[in-house]
Amino acid sequence: MPANLTAQYLKAEEEYRRATTLDEELACLHVMLQEIPKHKGTDHLQAELKSKISKLKKELAAEKSSGKKTRGLRIPRQGAGVAILLGAPNTGKSQLVARLTRATPEVAPYPFTTTVPAPAMMPWADVNVQLIDTPPITADYMDSHLHGLIRAADLALLLVDLESDNGVEQCQDLLDRLAQTKTRLAAKSSLDEEDVGLSYTQTFLVPNKIDAPGAAERLELLHELCPLDFPEYVISAEHGTGLEALREAIYRSLDVVRVYSKLPSAKEPDRERPFTLRRGGTLLELAGMVHKDFLKGLKFARVWGSAVHDGTQVKGDYVLQDQDVVELHM
Ligand SMILES: Nc1nc2c(ncn2[C@@H]2O[C@H](COP(=O)(O)OP(=O)(O)OP(=O)(O)O)[C@@H](O)[C@H]2O)c(=O)[nH]1
Ligand SMILES: [Mg+2]
């Protein structure tokens, strides 16, 4: 039965997916439990939420008493959003990170070169997107930190090796491996309506090494043997083919808007460092990002942008548009 979840519930659910601390997770779960429509169709989900909350509370208590983090690696979110690279050994994950960012991860023709997940920043126009390079996933190996990182990512890039005859099989192995867990890949991000532990992360299929002999035939084979409904970006990380289209698509997938803040005394906004908000984000959310005092004391803002006349006064519920210039007033 469809649960008819409210907008507030879905927002909390999205924040839950992105939470980077146990406290944040707990706060989101509380909102979800409060917001969930209370009827028969959601009994199961309500019970799930309650058991998650009690588990988290125990975990938090354990952290406090031991002074140690119980969860593994958490990479702090930076930039407009996070894309995690996934793939079998040698698919070119590190090569792609090296191409799209200034990072210099080790790239080598043998498997298991990368041993720990590592973040790097990918520039796009005037913003940055965090990319996470990862150790490979095989039929019998998956780094235990990856579940949390995949779940918290806005996007996964699933790389496939078009140079190797095993590329398609290895891709299938990876998907099978994830299918045994509660961290899965999908065309769109969501949490399962029945089981809040089960999360789906929006994924692009990224067949790599299209420059290699026989790559086009292997790509066809991939489509035949492993049909996926993910958007596809065929690339050569080494030669640079398709990388700018991929870079742009990664940014677009985040569905954020850029907003430039301006001091009332200044003629021009700070163009160097836009704030990024999820599309649909309001002035009040921006105010909270700029400073918590603005969140409390915001009277109005003046906006220069595509949706309003220059300098229009708006209130906290104004929905920000890409490239708006905003002058906050307390
Ligand atoms: N021909 C070709 N080779 C590539 C391409 N991208 C990467 N390679 C080569 O593939 C090999 C593996 O690249 P890596 O970037 O180390 O692969 P990885 O997925 O990070 O590997 P692990 O860290 O072991 O999981 C290296 O020898 C790269 O030079 C490409 O577009 N074309
Ligand atoms: Mg690597």
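Just so you know, ligand 1 is whichever comes first in the structure, and atom 1 is the first atom listed for that ligand. Index from 1, following the sequence.
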Examine all N, O or S atoms of T113, backbone included, and report whether one is under 2.8 Å from the Mg ion (ligand 2). no
Restricting to non-hydrogen atoms, name the atom on Y200 and the atom on L198 that form the minimum distance, rounded to 0.1 Å. OH-CD2, 3.7 Å
Indicate if the distance from the Mg ion (ligand 2) to the nearest N, O or S atom of Q95 falls below 2.8 Å. no
Identify the protein atoms, limited to N or O, that lie within less than 3.5 Å of an N or O atom of ligand 1, and list each pair with its distance to 0.1 Å.
from     : atom 1 : to   : atom 2 : distance (Å)
ligand 1 : 1 (N)  : D211 : OD2    : 2.9
ligand 1 : 3 (N)  : E238 : OE1    : 3.3
ligand 1 : 6 (N)  : N208 : ND2    : 3.3
ligand 1 : 10 (O) : K209 : NZ     : 2.9
ligand 1 : 15 (O) : S94  : N      : 3.3
ligand 1 : 15 (O) : Q95  : N      : 2.8
ligand 1 : 16 (O) : A108 : N      : 3.1
ligand 1 : 16 (O) : A108 : O      : 3.4
ligand 1 : 17 (O) : G92  : N      : 3.1
ligand 1 : 19 (O) : T91  : N      : 3.1
ligand 1 : 19 (O) : T91  : OG1    : 3.4
ligand 1 : 19 (O) : G92  : N      : 2.9
ligand 1 : 19 (O) : K93  : N      : 3.0
ligand 1 : 19 (O) : K93  : NZ     : 2.7
ligand 1 : 20 (O) : S94  : N      : 3.0
ligand 1 : 20 (O) : S94  : OG     : 2.9
ligand 1 : 21 (O) : N90  : N      : 3.0
ligand 1 : 23 (O) : T114 : N      : 2.9
ligand 1 : 23 (O) : T114 : OG1    : 2.9
ligand 1 : 24 (O) : F112 : N      : 2.7
ligand 1 : 24 (O) : T113 : N      : 2.8
ligand 1 : 25 (O) : K93  : NZ     : 2.8
ligand 1 : 27 (O) : P109 : N      : 3.4
ligand 1 : 29 (O) : E238 : OE1    : 3.2
ligand 1 : 31 (O) : N208 : OD1    : 3.2
ligand 1 : 31 (O) : D211 : OD1    : 3.4
ligand 1 : 31 (O) : S236 : OG     : 3.1
ligand 1 : 31 (O) : A237 : N      : 2.9
ligand 1 : 31 (O) : E238 : N      : 3.0
ligand 1 : 32 (N) : D211 : OD1    : 2.7
ligand 1 : 32 (N) : D211 : OD2    : 3.4

Taking D165 first and then R218, would you say they form a salt bridge - that is, a charged N and a carboxylate O separated by under 4.0 Å? yes
Atom CZ of R279 with >12 non-hydrogen neighbours under 6.0 angstrom: yes
Check: Y260 and D270 side chains under 4.5 Å, non-hydrogen atoms: no
State plainly whether the residues D43 and K40 are in salt-bridge range, i.e. N to O under 4.0 Å. yes
More than 12 heavy atoms of other residues, nucleotides or ligands under 6.0 Å from NZ of K11: yes or no? no
Taking the basic N atoms (NZ, or NE/NH1/NH2) and the acidic carboxylate oxygens, is any pair closer than 4.0 Å for R252 and E248? yes
